[in-house]
Structures are given as structure tokens and as C-alpha cells.
Undergrad: 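Just dropping this structure here.
Please read these numbers as outputs of a predicted model, since none were measured by experiment. Residue numbers begin at 1 in each chain, while the letters A, B, ... track the order of the sequences.
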Number of protein chains: 2
Amino acid sequence: MASGGRPTSKDVAQEAGVSQSTVSLVLGGKWEGRVSPATARCVRDAAARLGYRPNLAARNLRLGMTRTVLLMVPTLTAPFFGPVYTGAARVAARHGFGVVVSTWPDDAVRSADSPFAAPDEAIDGILASSVAVEALGEFRDTPAVMLDSGPADGAPCGPVPTVDFGVADGMAAIAAHLAALGHLRYGHVAAGVDQWTFRARADALAAAVSALPGGHLTRATCAIEVASARDAAGRLLDAPDPPTVLVCDDDLIAAGAYKAARARGLDIPADLSVTGFDDVLLATALEPELTTVRLPAEELGAQGMALLLDLLSGGSPEPRVLPGELVVRDSTAPPARRNRNRPT
Amino acid sequence: MASGGRPTSKDVAQEAGVSQSTVSLVLGGKWEGRVSPATARCVRDAAARLGYRPNLAARNLRLGMTRTVLLMVPTLTAPFFGPVYTGAARVAARHGFGVVVSTWPDDAVRSADSPFAAPDEAIDGILASSVAVEALGEFRDTPAVMLDSGPADGAPCGPVPTVDFGVADGMAAIAAHLAALGHLRYGHVAAGVDQWTFRARADALAAAVSALPGGHLTRATCAIEVASARDAAGRLLDAPDPPTVLVCDDDLIAAGAYKAARARGLDIPADLSVTGFDDVLLATALEPELTTVRLPAEELGAQGMALLLDLLSGGSPEPRVLPGELVVRDSTAPPARRNRNRPT
DNA sequence: CTGAAAGCGCTTACAG
DNA sequence: CTGAAAGCGCTTACAG
């Protein structure tokens, strides 16, 4: 082997007494019918002996691809996206792909200096999670899979494969659970973000409540942030004839709803029921623990990457929907009997 | 430009009417004294006109480096590590480096199939956050920077640059805040994880309490997880003559302490004060909002990457310490007057 | 069934 | 001050 550095395919060839081509064929898995089994085994042994690992830069250069995909997310600091990344990276690694992350629209990761300072790493494909289709922007021509962006939001240039959560079903499950408990007056603390996933939640809740005899729904909008959610929930709670349950678009919003309730002396769930969405860590850290819908975030990343890899190798993968799962905990109970709005 | 693909340095050379070498020199920033300013400007214009971006694979191959660094963390799903990644990736991107993430010891991201299936991406350096030095393992010879692992935990093979939080000072600030409030009986709900950062917290708290006339400290150990923390806090609270404050090693542990307190009818902060550590999102989602120490996680990643980049370019960076900041919120108050342990 | 050769796009001595 | 040429480690026609 060349003194010092890692072994190359040439070293393996020499060790095995064959040519570089043969090594490449064998280790690339394209040898059958072209190299004798004995030679193949011999090459593999030599590679193992030397601890050979192919040089990705060389292969990428030769193949004209980078084996790198871009994961585009709104933010990495929200608890939801860590698992998405993990799932995507796990599947990617299994196929020799790396994952780089970019945030959109607030792109803190890439920079805009000279080409050399920010070499806009060439990528083979894009996984865009929970972002509008415009996020693809300059990457319009790059193979992409949209995650959590809704089946309708296909890119202008033909259908883009999608993986979505069954958020409508999830919200319907929450509504059914609440209806079974006897709730009629619903407050929806909605994320004020124009994304498919939130529109779908709103529509599903509205549909369920209007199908409920005597059902009534009010709505307040907020940022996905505790203080803003607390204020929005407060507005709902301070209205005449307030809701007996606050259905929140996100676990973090539910945390804000808890605060609004407590500030008004309302016990959860005795005086007020609250539900979340996502089932992040926070859901069990709250008190009482939050009834919510679990969204399999890591699975979203994993399946999305699987679809993208399929797309990159010429397939035309079908859209998928990942069901959410209702997790009933301690924040929901039957509505109180008219003793609302008087501090205990 | 070659039909189809992105423009190459050869295309730029042709557009500018110079050779490939000149293009490389100019765009690589090594032209001064070797290329006339007029030519340099001409090259840059051509590059801009064509939208040229260098092919990283080719450059990496030529240079024998990958411009990729590995970020090693215990887990990506804990709320703390998202920001660490973001900070590291931001600085890396500014220098044309990518960041791949690996978890240790539970390595879900890399796989162990054939060399081709998991091509163990060659890397130039490692950023290891909150892991033991053994985590470096097979990468013993790779330039590395240790984050949040303590100044003493240098690798066997000479000193490794470090970036740490001032956790001892942070814990001392908590203790001083609590002492000023009048607390004498301290319960430490400690993370049962053998890491420098937690040892430092324990030592600092022990030192502060023992320096306090009449001060008394008990300790219970738990996993960094709500249920485990709740149980540990419960043990402390159920002891005879229980603490008036629970000092928790982590915000998540504090969430567990809240549960233990509430289960015993103890009001926070009237009956019991609680403090956390980290200041993640959860701290303000809890009720009452948590007094804690803010650890600048994103800054840790950013500074660590800056040190690693310095190291990679031949420097010998000095270790750094990032101070934590005491954030006083609503979970701490003077101790109650002997009315403890009777449910309200 | 196997090998010699070209070439991916860069950077860097080296020659002028 | 500028250019021609080599070579990084791969993969893939192509020739045998």
C-alpha cells in the first residue's frame, strides 16, 4: 500500500494480483458473469485484509454525483426536526449518502460570500420537510421529495413524491375522543402558519365539530411559541360561554394553553381539557401529561429518504401517508358542570 | 460551457480567455503577485457570469481532504444538540466544510454493511460533544476538538483543544441565588451519567453548600428523563427533614422534580424551590417558569468548529470556556416556614 | 474472464 | 505574469 495514507483500489489490486478494473467490478457488485467467483473472493479478501474503503471524492468525481442530499427544514431547533434528520441520515448512510441540512427561509447554515467560501455543495437530491414548495427555489431541477407538505403541493414541474402524516385522521381521532367524553364547546388554538399540515388540522376539526349535534367551535391563532399560544388561548377562555376543551395544533401551543388555564385558576382536566399534536418530549414533561397525537417524525425522515433514493435510481415512488396515533394521557376528561370561569 | 451540466473551471477559463491554472489561482485567492489585477478581475467576472461553483469532489480528490467534519454527539433527539449542530454547521459552511453527524455510543446513523454500502465517509476532523474521550476510538489519529467534556479529558495522544461551559460557575451562581433567598437544605437531583459536566456540577454545588453555615446537602441520582427524575426527586422529598430546594442537573430533570412536588401537594415555589440547567425550550413551557442556567449551545458548536478549523489549518488553538448565565424565573423563592410535607 | 486506458474537475509544481 | 501538464482515486467502455 502507498506509504502512509489509506489503501486505494490500486493497492487492493496489487494485493490480490489483479487489475484495478477487476477490483472495481467486484467491490461495486457488478462482477457476476464478468469475473470468476474465485477471483472475486480473492479480491474481497484482499480488500478486507487491507481495510480498504473507497475514496468517495474520487467516485463522486467519476460518477458525476455527490452522494449528498440536502434536508431542508424550517428550523433545526424545534424539537420535531431532530428525529426527522436522524431518520433520514440513518437510511442515507445505509446507501453511502450523506445528508446536509439547510434551513428555510431563515437560512443560517449556508452563507453568501464568494463561491469558494460557501461552495454551495453540489447535491443529488432534496428532502424538503414542512416547507412550502417555493423553498425549492433555485433547486427546481433537482430531484426532490416533499415531506409533511401535503399531497396537493406538488411542484410546478410535475408531481413530486410526498410523504405526509395522516394529520386529518389524527385530528379526527382527537375530536372523536373528546366527543365521547361529552365535549360540545371546542376552542381551536391554531398555528398561524400557512402550511398544509395546519390547514388540514383546522379542516378536520371543523368538519368533526360541525358533524356533532350541538357542537360549537371557536378559533384563535398564534405563533408556535409558548407566550403567543398562552395569549391566544386566553382570548378563547375569556370569551362569553368559553370552550370546555382547547384543541391545540402543537404540543408547544398546548403548553401555552396550560399557562392560560392556570392563570385563570382553571384545573386541567377538571375544568378544562387540553390536547396537543406531535407528541414531543414536552408532552410528558407537562403536568398533567398531555393527550396528543404522536407523529412518527423519525419515520417521516426515513421513508422520505427511501423515496428519494428510489427516485434517484430512476424509480417513480408512490406517495405515502404515515398515520398518527392518538395518545390519551391525563389532560382530557369530561367537561365540568357549568362551574367554569370562577377561580377556585 | 459544456452542454448541459454546471460550468467548470475550464469553461470559466475559456470565457475569460485565460488558462485553467489562472482561474484556479484567482478563485482560490492565491493570485496576488502571480496574476495581474486586471486578469484577476476578468476571471472573477467570467465566473460570476457563468454562475461557476467549484466541484467539491474534484477539489477534495486533488487536495486529499474531504472538507467534511464529523460531529459526534450522544443523541440528536435531546433538545440540547440541535443548536450545537446548527452553530457548528453555520461556521463550517462559511469555510466550505460540511458536517456529518454520528451518535455515540448508540450509533444509529452509521451502518456496518459492506464497505460500499457504508463507505465510512472519510473526514478531516472531529467535533465530539459531551462524550467520553473513548468515543474517538478508531479516529484516534484524526484532528479533534472536544466539546463540553472538561479540560482534563485530553486524549491520550497529547492535548486536544476543548471548548467547555463554565458549569462550575453556573452552579455556583445558582447556589448563591438560593443562599441569598435563605435556603439551607439542598437536594441535588443529579444526572447519573459519568461525564465531566455533571461531575463539575456536583462538585460546585457540594462546595457551595458546605461553605454555607448550616448548609446541608442530600443527593439522588437519575437518568436524564422525566420519570426517572420524578422518582429520584420523590426520594429526596420523602426523607425526614426534606430539602427546601431541589437543584436539578438538567431542565428535563427539573420537569420530573415538578411532578414529584405536585404529587405531594407541594406548591412551587411557595413550598419548594426548583432549579434546572441548560435553559432549553422546556424551561419556559413549565409552570412556574424555571429558574435555570443558560448554556449557549449554539455558541458551543460555533466556537468548537472555529477551533477545529484553526487546528486543521495548522494552528494550535487555546481551550475556551463559555460562561453560563443564571436566569431567574418563577420557580425559586425563600423557603417556607416549617409547613412542609403536609399536603395543602 | 481480465486488463490497459481514458477521463471526471480540480490544484500545483514547473517551465517559460 | 501566464500556461501546459501531471495526477488525486475511481469507474467504465473497450479490446483482447
Side-chain angles (χ1 to χ4, degrees), chain A residues 1-43 46-47 50 52-67 96 115-116 119-122 124, chain B residues 1-43 46-47 50 52-67 96 115-116 119-122 124:
Chain A
M1 138 169 54
S3 58
R6 354 196 295 178
T8 71
S9 67
K10 206 186 286 185
D11 297 318
V12 176
Q14 189 170 356
E15 171 86 8
V18 300
S19 77
Q20 216 189 1
S21 330
T22 304
V23 170
S24 182
L25 254 16
V26 171
L27 298 183
K30 310 192 172 164
W31 61 279
E32 295 205 74
R34 319 225 257 141
V35 176
S36 75
T39 307
R41 141 163 307 281
C42 170
V43 166
L50 262 30
Y52 170 72
R53 328 231 87 180
N55 179 315
L56 280 199
R59 172 198 278 168
N60 293 343
L61 177 56
R62 176 61 229 239
L63 259 26
M65 48 162 25
T66 60
R67 290 187 100 75
F116 270 68
D120 215 3
E121 194 143 2
D124 297 331
Chain B
M1 140 168 52
S3 58
R6 352 195 296 177
T8 71
S9 67
K10 206 185 286 186
D11 297 317
V12 177
Q14 189 171 355
E15 172 86 8
V18 299
S19 76
Q20 214 188 2
S21 331
T22 303
V23 170
S24 181
L25 253 18
V26 170
L27 297 184
K30 308 191 171 165
W31 61 279
E32 294 205 75
R34 318 224 256 142
V35 175
S36 74
T39 307
R41 142 160 306 283
C42 171
V43 166
L50 261 30
Y52 170 71
R53 325 231 88 178
N55 178 315
L56 279 201
R59 173 198 276 168
N60 293 342
L61 178 57
R62 175 62 229 237
L63 260 25
M65 44 163 28
T66 61
R67 291 188 100 75
F116 269 69
D120 213 2
E121 193 144 6
D124 297 332

Undergrad: Taking for each residue the nucleotide of DNA chain C with the nearest heavy atom, is it B:Thr22 or B:Leu61 whose nucleotide lies nearer the 5' end?
TA: B:Leu61
Undergrad: Rounded to whole angstroms, how far apart are CG on A:Asn55 and C1' on D:dG9?
TA: 5 Å
Undergrad: Quick one: A:Arg53 CZ to D:dG9 P, roughly how many Å, whole number?
TA: 17 Å
Undergrad: Whole Å only: how far is the CG atom of A:Leu63 from the P atom of D:dG9?
TA: 17 Å
Undergrad: Pairs counted as Watson-Crick or G-U wobble with both distances under 3.5 Å: what dot-bracket string results for DNA chain D, using | for bases tied to another strand?
TA: |||.||||||||.|||
Undergrad: Using only side-chain N and O atoms of A:Thr39, determine if any of them is under 4.0 Å from OP1 or OP2 of C:dC1.
TA: no
Undergrad: How many whole angstroms separate atom CG of A:Leu27 from atom P of D:dC10?
TA: 10 Å
Undergrad: Check this one for me: any side-chain N or O of A:Lys30 less than 4.0 Å away from OP1 or OP2 of D:dT11?
TA: no
Undergrad: How long is the gap from OG on A:Ser9 to CG on A:Leu50, to the nearest 0.5 Å?
TA: 11.0 Å
Undergrad: Can you figure out which of D:dG3, D:dC10, C:dG3 approaches the side chain of B:Val18 most closely?
TA: D:dG3
Undergrad: Is there a side-chain contact between A:Ser9 and the phosphate of D:dG9, meaning an N or O under 4.0 Å from OP1 or OP2?
TA: no
Undergrad: Rounding to an integer number of Å, can you tell me how far A:Asn60 CG sits from D:dC10 C1'?
TA: 10 Å
Undergrad: Using nucleotides 13-16 of chain C, report all nitrogen or oxygen pairs with the protein that are shorter than 3.5 Å.
TA:
none

Undergrad: Output all residues satisfying salt bridge (charged side-chain N to carboxylate O under 4.0 Å, His left out) with B:Arg41, sequence neighbours left out; order by chain, then residue number.
TA: B:Asp45
Undergrad: Starting at the 5' end of DNA chain C, which residue's closest nucleotide do you reach first, A:Arg62 or A:Pro37?
TA: A:Pro37
Undergrad: OP1 or OP2 of C:dC1 less than 4.0 angstrom from a side-chain nitrogen or oxygen of A:Ser36, does that happen here?
TA: no
Undergrad: Would you say a side-chain N or O of B:Ser24 is under 4.0 Å from OP1 or OP2 of C:dC10?
TA: no
Undergrad: Quick one: B:Arg59 CZ to C:dG9 C1', roughly how many Å, whole number?
TA: 11 Å
Undergrad: To the nearest angstrom, how far is B:Lys10 atom NZ from C:dT11 atom C1'?
TA: 14 Å
